[in-house]
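We use all heavy atoms of the structure for the numbers below, so side chains are in, but hydrogens, waters and symmetry mates are not.
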Amino acid sequence: MATGEHPAFLWWNGKQVRWEDATIHVTDLAWSTVGAVFEGIRAYWNEDHQELYVFRLREHLDRLMDSMRLVRLPTTYGVDDLREATLTLLKANESREDTYIRPLAYSSGTSCKRLSESSSNAALLINTNPMPSKLASGESIKVKVSSWTRISDNVMPPRIKNISNYRNGQLASMEARADGYDNAILLSPQAKVSEAPGACVMMVKHGKLITPPTTDGILESITRDAVMTMASESLRLDVVERSIDRTELYLADELFLCGTAFEITPVAEVDRYQVGTGGIGEVTSQLQLLFENVLRGKEDEFASWRTVVGVEAGVAAD
Ligand code: PMP
């Protein structure tokens, strides 16, 4: 399927539904406003093995449950149900390419209710879309430190994937693009580095991998955890979680963003300061290579992070 086209099916409240038939009433505004949490999961295709690998599916679904719990969205589905639904959907959509999987939980039937009235049972949707990997592209980006401050735990908790949180990052990335950068890094209200819109920040300095703690206004990122584990167990690097000052970004040896969508994206410049030598640093490129092999099932270490989906052509369900 070409990027931009839609898949045949999505999963909606326990049923596999044709893409065209998944519609809601226009007044059900909670769907699109503050009443939703979501996940972003990726699956990678291996042409030689003719297999698709979903990356850390259980961890993503566990986080979806945490997000729902925090915003008081009750559900009767468990992680096992959603895991099954995801795998069945990928097969039905004949996803034989790199794919993005997006579960969304939202309060439904809220047309005539106030926003404070929570739904008695959340509606759940899972949809998939092609998303080619950029991990081996050799690209790096230029970022600015945003003039916007990252939301904080007592304002709108960044540790979960609450849809409303994303306006904060969107303002920062729109500002960055308008100012001629590719993306932004936001600081916390305490002026410590928090994260980029949609990705965590990793810095290499004197051979150590340093990243902000989960108490500095960041999502509890699954890629961040994977990168820290690979750096410490495979590259034998010291991995340090500590607050980072803005000016440390300018003096870093290497800098990169990581996340499901960003994978491992090298940062070549911050606020027009060149990072390190300006190219892709040694540690960053080693991590990119290892990550690519882990994601595509070409590396035995960390095999438990992959859920294998045997996607045969022409077996779509009705
Ligand atoms: N921070 C934010 C705000 C994000 O939206 C994401 C993407 N989910 C990340 C960090 C990276 O998290 P993960 O590695 O779990 O995708």
Side-chain angles (χ1 to χ4, degrees), residues 10-13 30-43 54-75 77-79 81-83 85-86 89 99-108 115 118-119 121-129 131 148-173 183-186 188 194-202 211-228 257-263 265 305 307:
L10 42 81
W11 182 93
W12 199 15
N13 300 322
W31 190 90
S32 61
T33 55
V34 297
V37 295
F38 73 112
E39 261 311 313
I41 310 170
R42 246 168 131 150
V54 187
F55 185 62
R56 305 192 75 176
L57 178 57
R58 187 161 289 276
E59 288 90 330
H60 278 283
L61 295 175
D62 280 343
R63 188 172 64 188
L64 179 68
M65 292 293 159
D66 280 353
S67 295
M68 292 178 73
R69 192 169 140 72
L70 198 54
V71 301
R72 302 180 195 276
L73 271 179
T75 182
Y77 296 108
V79 165
D81 302 318
L82 299 182
R83 186 179 173 281
T86 305
L89 183 64
T99 301
Y100 188 68
I101 305 153
R102 191 176 191 263
L104 179 85
Y106 59 97
S107 26
S108 66
L115 286 175
S118 53
S119 156
N121 193 16
L124 264 156
L125 165 77
I126 307 173
N127 71 302
T128 67
N129 267 101
M131 186 189 266
W148 296 96
T149 300
R150 184 69 182 133
I151 48 172
S152 60
D153 197 55
N154 213 31
V155 174
M156 203 138 58
R159 78 180 65 256
I160 59 161
K161 282 184 81 74
N162 176 20
I163 286 278
S164 314
N165 292 359
Y166 284 78
R167 186 65 87 181
N168 176 238
Q170 190 190 42
L171 287 168
S173 52
N183 211 334
I185 289 177
L186 291 118
S188 69
S194 75
E195 61 183 348
C200 286
V201 177
M202 298 260 167
T211 194
T214 53
T215 44
D216 276 352
I218 71 168
L219 179 74
E220 295 199 344
S221 153
I222 291 156
T223 317
R224 172 184 177 275
D225 177 77
V227 168
M228 286 164 60
L257 305 183
C258 72
T260 298
F262 283 76
E263 302 171 309
T265 301
W305 286 346
T307 302

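- Side chain of N168 to main chain of T149: a donor-acceptor pair is present (N/O by atom type, distance under 3.5 Å, no hydrogens or angles).
- Using a 4.5 Å heavy-atom cutoff, the side chains of R69 and M65 are not in contact.
- Taking each heavy atom of G169 and P197 in turn, the nearest pair found is O-CG, 3.3 Å.
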I163 vs V37, side-chain contact (heavy atoms from CB on, under 4.5 Å): CA-CA, chis, key distance, verdict: CA-CA 5 Å; I163 286 278; V37 295; 6.0 Å; no
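- Around atom CH2 of W148, no more than 12 heavy atoms belonging to other residues, nucleotides or ligands sit under 6.0 Å away.
- At a threshold of 4.5 Å between non-hydrogen side-chain atoms, the residues E39 and L61 do not count as touching.
- When all heavy atoms are compared, the tightest approach of V201 to S194 is CG2-O, 4.3 Å.
- For the atom pair OG1 (T211) and CG (D225), the distance works out to 11.0 Å, reported to the nearest 0.5 Å.
- You'll find the side chain of H60 reaches within 4.5 Å of the side chain of T260, heavy atoms only.
- A 4.5 Å side-chain heavy-atom check between P103 and L82 finds every atom pair outside the cut-off.
- Residue N162 comes nearest to A36 through the heavy atom pair OD1-O, 3.3 Å, listed as atom of the first residue, atom of the second, then distance.
- Here CG of L10 is found 13.0 Å from CD1 of I101. Values are rounded to the nearest 0.5 Å.
- Minimum heavy-atom separation, C200 to L219: SG-O, 4.1 Å.
- Of all heavy-atom pairs spanning I218 and T214, the tightest one is CG1-CA, 3.7 Å.
- Rounding to the nearest 0.5 Å gives a distance of 9.0 Å between CD of E263 and OG1 of T223.
- Atom CG of N165 is separated from atom CZ of R150 by 6.0 Å, given to the nearest 0.5 angstrom.
- Here the CG atom belonging to L89 is positioned 5.0 Å from the OG1 atom belonging to T128, to the nearest 0.5 angstrom.
- When side chains are defined from C-beta on, W11 counts as touching L124, because their heavy atoms get closer than 4.5 Å.
- In plain terms, the two heavy atoms of P212 and D216 that are nearest each other are CB-CB, 4.3 Å.
- No donor-acceptor pair closer than 3.5 Å links the side chain of Y166 to the backbone N or O of G198.
- Looking at R42, its side chain does come within 3.5 Å of a backbone N or O of A261 through a donor-acceptor pair.
- Remark: C258 SG to E195 CD distance equals 10.0 Å, nearest 0.5 Å.
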